[in-house]
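Basis for what follows: all heavy atoms, side chains included, without hydrogens, waters or symmetry-related copies. In this chain, numbering begins with 1 at the start of the sequence shown.
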Amino acid sequence: MLVLDTAQTRVALPWDGLVQALGEMFAKGCVMPVRHHHDVEVPGEADATLLLMPAWQPGAYIGVKMVSVFPGNQTRGLPAIHGSYLLSSGATGELLAILDGGELTARRTAAASALAARYLAREDASRLLMVGTGRLSANVIEAHASVRPIREVAIWGRDQRKAEATAKELDLKGIAVSVATDLEAAAREADIISCATLSSEPLIRGDWLKPGAHLDLIGAFKPTMRETDDRAVARASIFVDTRDGALKEGGDIVQPLKAGVITEAAIRADLFELARGAHAGRTAPDEITLFKSVGAALEDLAGAVLAFEAHRSKA
């Protein structure tokens with residue numbers, strides 16, 4: 001059985017191969033049941049949460065991501081979130097591999113945004129604004145740089161020190177990296193704006209988006225959270241990773257729907273339709289596009305299969 005730790009999982013999921021694997025998985029499809037969400041009692045502490053996210057390709061592979069969230073771990077100096085991915089044979093049920101769940105999630109999330117950018121961002125997009133300084137930020141920047149000719153990256157965060165630390169982590173040849181102190185000014189210049197935050201209030205305003213801009217919304221994963229305003233949603237051509245997820249979970253779509261700013265018909269396509277050629281994506285150079293992702297078990301499965309088959313081919 002193959003076991004990959006954080007560093008090994010990262011190496012096993014190169015951006016070009018991972019973006020391609022996600023595109024092929026969205027084109028082919030797989031069985032993807034609703035994720036399981038369980039409260040777990042912890043005596044003397046707040047309840048923990050167990051999340052199980054299964055997906056499978058009949059006769060090929062079965063995968064499940066298991067994530068535990070223990071709020072009480074902060075008193076023990078331990079991470080609150082732990083995750084692993086289990087990949088099994090879809091023919092025999094044999095356990096084939098265990099991957100680091102956190103690294104897999106970070107890379108497949110970034111790769112999904114890069115896949116969307118292939119269809120939605122202008123081919124000459126060279127300026128990227130990264131809003132957010134968490135674990136995802138460096139991954140998102142690298143992923144976008146793998147599919148578009150990025151030459152300038154600006155990073156904005158509420159804490160400038162964290163933005164500076166993220167900028168120092170990056171090692172991208174031929175790309176100038178800076179820290180943005182004026183969010184509006186940076187947004188007005190950007191060809192691609194990626195947001196990966198836990199914001200409950202809009203950060204990016206629709207009036208800031210220049211013609212041809214692509215807005216990539218990754219954070220704000222609850223209906224009560226959002227990263228952009230109604231004006232941005234009204235101005236843009238809207239695309240999502242999965243319709244079911246975006247219509248239920250992402251505040252950037254859920255809130256304007258409830259307010260009557262948009263209808264469900266405003267969503268032009270999801271990644272399934274884009275990957276299958278049912279929708280071309282961007283249709284004009286000046287079109288403003290918006291992509292909202294909330295994540296899907298299909299993406300985890302695609303990454304795990306890619307990593308396993310790469311190691312098997314080397315054996």
Would one find more than 12 heavy atoms of other residues, nucleotides or ligands at under 6.0 Å from atom NZ of Lys210?
yes
Side chains of Glu287 and Ser237: is there a donor and an acceptor less than 3.5 Å apart?
yes
Passing option when Cys195 is tested against Ile218, Ile204, Leu129, Asp216 for side-chain contact (heavy atoms from CB on, under 4.5 Å):
Ile204
Between Arg226 and Asp230, what is the shortest heavy-atom contact and its length?
NH2-OD1, 3.0 Å
Any donor-acceptor N or O pair under 3.5 Å, side chains Asp100, Thr6
yes
Can you tell whether the side chains of Glu103 and Arg135 come within less than 4.0 Å, N to carboxylate O?
yes
Measure from the ring center of Phe272 to the ring center of Phe26 and say whether it is less than 6.0 Å.
yes
Ring centres under 6.0 Å, that's the criterion: do His82 and Phe70 meet it?
no
Would you mind telling me which of Thr228, Leu217, Leu247 makes a side-chain contact (heavy atoms from CB on, under 4.5 Å) with Lys292?
Leu217
Main-chain N/O of Gly206 paired to Arg231 side chain as donor or acceptor, under 3.5 Å:
no
Arg107 charged N/C atom sitting above Trp15 aromatic ring, 6.0 Å / 45°
yes
Leu290 to His214 - nearest heavy-atom pair and separation
N-ND1, 4.4 Å
For a quick test of your reading: what N or O donor-acceptor pairs under 3.5 Å do the side chains of residues 38-52 make, sequence neighbours left out?
from, atom 1, to, atom 2, distance (Å)
Glu45, OE1, Arg76, NH2, 3.3
Glu45, OE2, Arg76, NH1, 2.6

Would you say Lys65 and Ser84 are linked by a side-chain donor-acceptor pair, where the criterion is simply a distance under 3.5 Å?
no
